[in-house]
Amino acid sequence: MYIGYWVLEKADIPEGLEFIVDPTDKKKHHYLLAATKKMTVSELRSKLEWVADRMSVIRDAQDTL
């Protein structure tokens, strides 16, 4: 079974985006990146690309512990 976690290099995210708890997750372990203000599609795309460029995947943390 594959278990991986997405992490951001830095805690800051662009203005107008925010991580919110997934409303369908009863345990409140999953978060969604949501737009919190009105913006054009091109602005949203640019901000999402910025976030994606700073994300990494932790595949198996046990190897590093």
Side-chain angles (χ1 to χ4, degrees):
M1 180 166 106
Y2 170 78
I3 296 177
Y5 299 92
W6 286 99
V7 293
L8 287 172
E9 291 178 10
K10 297 182 180 178
D12 57 336
I13 57 173
E15 183 182 338
L17 298 179
E18 181 179 317
F19 283 103
I20 60 168
V21 176
D22 181 350
T24 64
D25 179 25
K26 293 178 181 162
K27 294 183 179 180
K28 309 276 188 239
H29 292 170
H30 296 105
Y31 288 79
L32 304 171
L33 183 59
T36 58
K37 74 171 199 171
K38 198 171 187 174
M39 63 184 84
T40 65
V41 172
S42 60
E43 285 177 292
L44 177 60
R45 178 184 172 172
S46 175
K47 291 177 182 197
L48 291 174
E49 286 175 344
W50 184 93
V51 170
D53 287 344
R54 286 155 181 80
M55 292 186 84
S56 302
V57 176
I58 297 176
R59 287 192 167 70
D60 188 3
Q62 294 299 324
D63 293 340
T64 58
L65 296 176

Would you please test Glu49 and Arg45 for salt bridge (charged side-chain N to carboxylate O under 4.0 Å, His left out) and show each step?
-> CA-CA 6 Å; Glu49 286 175 344; Arg45 178 184 172 172; 3.0 Å; yes

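Phe19 and Ile13 get closest at one heavy-atom pair: CE1-CG2, 3.9 Å. Considering every non-hydrogen atom in both Leu17 and Met39, the closest pair reads CD2-CE, 4.4 Å.
Checked by atom type, the side-chain pair Asp25/His30 shows a donor-acceptor distance below 3.5 Å.
Atom CD of Glu15 has 12 or fewer heavy atoms from other residues, nucleotides or ligands within 6.0 Å.
Side-chain atoms of Leu48 and Leu33, non-hydrogen and from C-beta on, do get closer than 4.5 Å to each other.
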